[in-house]
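A quick write-up on the structure given underneath.
Note on naming: letters A, B, ... go to the chains in the order of the sequence lines (proteins, then strands), and numbering restarts at 1 for each one. Just so you know, these numbers come straight off a predicted model, no measurement behind them. Worth knowing before you read on, the calculation uses all heavy atoms, side chains too, and leaves out hydrogens, waters and symmetry mates.
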Amino acid sequence: MIYFIGNSDYKNKATLQECFDYCFKKEILGIDIETTRLYKQGTYDESEYKAGLDPYLSKICMLQIGDIENQYVIDTRVIDISLLIPIFKTNILFVGHYLKFEYIHLKHNYNIVLENIYDTMLSDQVIFNGLGKSKDNPEGLRFSLEALCDRYLGIKKQDNNLFNQDEDDETIDKSTRLGFINIGDRDFTEKEIEYGAKDIEYPLLIKSLQEQNSYFPKECLSLEFEFEKVLGDIELKGINFDKEKWINTYNEKLPIYEFRLKKLNTFIEQNYKNFCTIPDLFNTEQNCDILWSSPDQVIQFLRFLNICPKEKSKQTKKMEWTCGAKSVLKLLPRNLKELYEKDIDIDITDINTFLLNYLLWNKSKQCCTTFGEEWLKNIHPITKRVHTSYTQILNTGRISSRNPNLQNLPADESYRQCFIQSIGNKFLNCDFSSQESRVLAEVSGDKKMLDFFNNGHPIHKTDFHSFTGTNMFSLLRNDPDLIINKKDFPEERQIAKTISFKVAYGGSAYTLKDDFGTSEEEAQLFIDNFLNAFPDLKSYFKNCEENVLKTGYIIIDKTTNRRWFSPDFDKLEKINKEIWSYFPDNYRKLSKEQREKVKKEVYLKNPHVKDMWSLYFTIQSSLKRTSLNYPIQGLAGSQTKKSAVLFRKYCIENNLQDKLFLVNLIHDECSAEVNENFAEKGLQILKSKMIEGAQFFCEKVKMDAEGNINTNWSK
DNA sequence: AATTCTGTCCTC
DNA sequence: CTAAGAGGACAGAATT
């Protein structure tokens with residue numbers, strides 16, 4: 001039964017007291033809200049922060065609460081729901097779809113904090129992790145409420161025209177949510193009330209069906225539900241931002257960019273008239289006609305010079321002309337490469353110095369585009385802070401950030417120092433020490449690595465990369481006394497560092513050769529040496545690969561049983577079966593010569609079998625790499641999530657939320673604000689909660705974190 | 001004119 | 001017997 005509380009002319013009315021009496025004694029309730037604009041259109045620029053979605057630009061116009069039998073739909077424009085607040089202080093489990101939205105708006109508008117939650121969207125993303133829609137898998141699952149209604153309840157979208165017909169989950173979510181944006185004072189229609197009620201009924205039904213899934217990782221889900229509130233807090237609070245400093249940085253970088261651009265144009269104008277504009281009545285000058293920001297045009301010029309490199313395109317998987325730094329750098333001598341790394345300008349005297357200048361210009365371009373004045377639109381019109389939006393569950397279990405992306409700001413402190421504390425506070429920045437390497441030590445159980453992290457090292461102390469270097473190069477150079485350190489062997493140490501990062505990230509000789517500027521064979525030699533230096537790694541990696549090929553999924557962390565399911569696994573087995581159907585049953589029992597003969601015949605008769613092999617190995621090797629990479633990235637991601645959850649819990653239990661709170665998370669790094677009189681203690685709390693959260697997933701290796709107190713984000 | 005694709009860059 | 005860690009933003013080009 002649907003009950004309406006408000007002015008609309010609806011058949012079943014209830015009072016707020018009746019709603020309270022019904023809900024207060026329940027164990028589980030569905031919850032949903034609808035929002036509308038708080039200010040009239042045009043009051044604020046809504047290009048980045050949108051009315052109806054952004055809590056500061058919205059108000060709640062409808063609150064839906066209830067269970068499968070009875071739903072209460074409340075017009076919060078005319079009803080003061082304060083009476084209901086005790087419901088949210090009980091142990092009742094609140095069920096809904098993508099509750100971060102409800103969490104943020106309820107907290108902002110009513111100081112209601114949803115603590116005990118079950119989110120049907122996050123649940124499905126965890127249960128079917130890997131099987132979602134993506135570029136590579138456009139037929140994959142969607143996780144909008146509409147998609148879940150279809151999958152679990154057999155309810156199609158045309159049954160409910162509040163749902164948008166759009167393809168994309170993101171826009172469905174938004175357009176559904178924006179359905180009430182301009183409702184103003186108009187009464188709700190009967191349909192709006194009934195669909196509002198359905199939006200709490202559906203998640204309740206879906207929840208009970210999700211729980212019947214053979215894979216239902218309770219621990220992982222509860223971690224995500226806890227973490228959802230962390231992200232809600234951060235998004236609502238935002239991060240304080242020094243606009244003036246940003247503009248100063250921009251004003252410092254802009255002349256460098258323009259200087260480089262001028263040099264490029266002058267070079268063309270003086271030497272390549274055929275790449276300049278043709279003079280006419282209106283413009284007698286011959287200006288450079290190459291648009292440097294256009295890869296096409298730059299490639300055209302490099303091809304004219306006969307020096308354009310080719311690279312296998314990620315998109316087309318074919319060799320394509322390219323003008324990217326990675327390839328162009330290979331054309332340059334060592335001393336110029338160094339200038340590129342160090343960002344140092346040099347006059348254009350020949351093609352090489354021209355190329356260097358182009359690369360440097362390209363590098364400084366971003367300072368004026370992505371991180372230029374346009375970036376300032378990310379400052380919230382009301383709070384004057386920067387409020388990012390996080391995507392909570394990627395395939396690995398990591399998070400991502402957008403509008404703006406706070407995870408890919410240049411590490412260069414000129415940008416990071418623009419993120420500052422509020423008045424009376426300090427800025428805390430804390431990150432895990434060698435998180436990924438420690439995770440690798442944990443999951444592989446490599447004794448040498450574990451010993452290093454757990455017991456320290458007499459010579460290398462805590463410098464893992466030097467330690468790795470010593471292990472690698474003493475083997476490689478057959479010199480047991482060789483000791484790599486930062487001062488005397490910076491290059492060897494750098495190689496060791498790159499290797500351990502890339503190997504942990506699932507990199508191969510092919511990707512490493514670019515980092516080293518060596519051949520693939522040499523890169524492979526370094527990898528082999530890395531694996532030899534830590535002898536337990538090989539068997540661990542082999543085990544990962546075997547497991548994924550056997551089961552079709554990867555256990556990302558066994559503590560919460562987070563998994564990733566391969567969307568191609570069935571296809572892989574099918575292809576394999578089909579390939580072998582072309583071979584005689586006794587093929588494997590034949591002698592080597594006979595096998596060669598049969599193989600040739602099969603390929604001659606069925607040329608497409610070769611293509612099938614190719615596809616088979618493509619999928620298989622991708623699976624193998626994923627099986628190495630995801631447990632490292634993903635376990636580390638889970639650690640950071642758990643840390644933030646423990647930190648939030650501690651702050652609430654000790655009533656510190658206003659004195660100490662997170663403002664950003666980047667994979668292995670937590671940033672927080674703390675009351676200046678509490679800074680030391682705050683840092684100690686953050687650090688200890690990070691270590692505790694990380695240790696939750698590791699029984700073999702000791703995790704560590706380090707941090708500092710500052711007035712801004714930079715170190 | 002609006003949307004999608006591609007190449008390039010930045011981060012961890 | 002291939003492809004080659006995870007993401008997001010921007011500009012230009014292609015497509016509708």
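Residue A:S621 places a side-chain atom within donor-acceptor reach of the base of C:dT2, judged by atom type and a 3.5 Å distance cut-off alone. Applying the 3.5 Å distance criterion, the base of C:dG7 shares no donor-acceptor pair with the side chain of A:Q407.
A:K513 forms a cation-pi arrangement with A:Y510, by the criterion of a distance under 6.0 Å to the ring centre and an angle within 45° of the ring axis.
Between B:dC12, C:dG12, B:dT8, one nucleotide has an atom nearer to the side chain of A:S293 than all others, and that is C:dG12. Considering only the side chain of A:R398, C:dG5 comes nearest among C:dG5, C:dT2, B:dC9. In this structure, the nucleotide among C:dA6, C:dC10, C:dG7 sitting nearest to the side chain of A:N629 is C:dA6. Side-chain proximity of A:A411 to C:dA13, C:dG8, B:dT11: nearest is B:dT11. Of all nucleotides listed (C:dA9, C:dA11, C:dT2), C:dA11 comes nearest to the side chain of A:T369. Here the side chain of A:N362 is nearest to one of B:dT8, C:dG7, B:dT11, namely B:dT8. Nearest to the side-chain atoms of A:D296 among the listed nucleotides C:dA6, C:dA14, B:dC9 stands C:dA14. Here the nucleotide nearest the side chain of A:N408, chosen from C:dA11, C:dG12, B:dC10, is B:dC10. When distances are taken from the side chain of A:T618 to each of C:dG5, B:dT8, C:dT2, the shortest belongs to C:dT2. When distances run from any side-chain atom of A:E520 to the nucleotides C:dA4, B:dG7, B:dC12, the shortest one goes to C:dA4.
Remark on DNA chain C: of its neighbouring residues A:T626 and A:Y603, the 5'-side contact belongs to A:Y603, judged by nearest-heavy-atom nucleotide. Judged by closest nucleotide on DNA chain C, A:S622 is the one of A:S622 and A:H667 placed further toward the 5' end.
Note: CD (A:E311) to P (B:dT6) measures 17 Å, nearest angstrom. The distance between atom CD of A:E320 and atom P of B:dC5, rounded to the nearest whole Å, is 17 Å. Remark: C1' of B:dC9 and CH2 of A:W292 are 18 Å apart, rounded to the nearest angstrom. When rounded to the nearest whole Å, the span between CG of A:L409 and C1' of B:dT11 equals 8 Å. The CG-P distance, from A:D668 to C:dG7, rounds to 17 Å in whole Å. In this structure, the OH atom of A:Y257 is 14 Å from the P atom of B:dC10, given to the nearest Å. Here C:dG8 presents its P atom at 16 Å from CH2 of A:W375, a figure rounded to the nearest Å. In this structure, A:Y358 places its OH atom 11 Å from C1' of B:dC9, rounding to the nearest Å.
Not one N or O on the side chain of A:E578 forms a donor-acceptor pair closer than 3.5 Å with the backbone of A:E573.
The residue A:K326 sits apart from the nucleic acid: no heavy atom pair falls under 4.0 Å. If you check every strand for non-hydrogen atoms under 4.0 Å, A:K363 touches sugar and phosphate atoms only. Residue contacts shown for A:A509 are absent, as no nucleic acid heavy atom lies under 4.0 Å away.
Residue A:Q297 places at least one side-chain N or O under 4.0 Å from the OP1 or OP2 atom of C:dA13. A close approach under 4.0 Å does occur between a side-chain nitrogen or oxygen of A:S294 and OP1 or OP2 of C:dA13.
Spacing between B:dT6 and C:dA4 at atom P, rounded to whole Å, works out to 15 Å.
Within the 6.0 Å centre-distance limit, the rings of A:Y257 and A:W361 are counted as a close aromatic pair.
Side chain to side chain, A:W292 and A:N362 fail the donor-acceptor criterion of an N or O pair below 3.5 Å.
A salt bridge is defined here as a Lys NZ or Arg NE, NH1 or NH2 lying under 4.0 Å from an Asp or Glu carboxylate O, and A:K558 with A:E442 fails to meet this definition.
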Assess the residue pair A:S294 and A:D296 against the criterion (side chain to side chain donor-acceptor pair (under 3.5 Å)); give the C-alpha distance rounded to whole Å, side-chain angles, the decisive distance to 0.1 Å, and a yes or no. CA-CA 5 Å; A:S294 158; A:D296 280 13; 5.3 Å; no
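For C:dT2, the base is not stacked against the aromatic ring of A:F617, per a cut-off of 5.5 Å between centres and 30° between planes.
Atom CD of A:E520 is surrounded by more than 12 heavy atoms from other residues, nucleotides or ligands within 6.0 Å.
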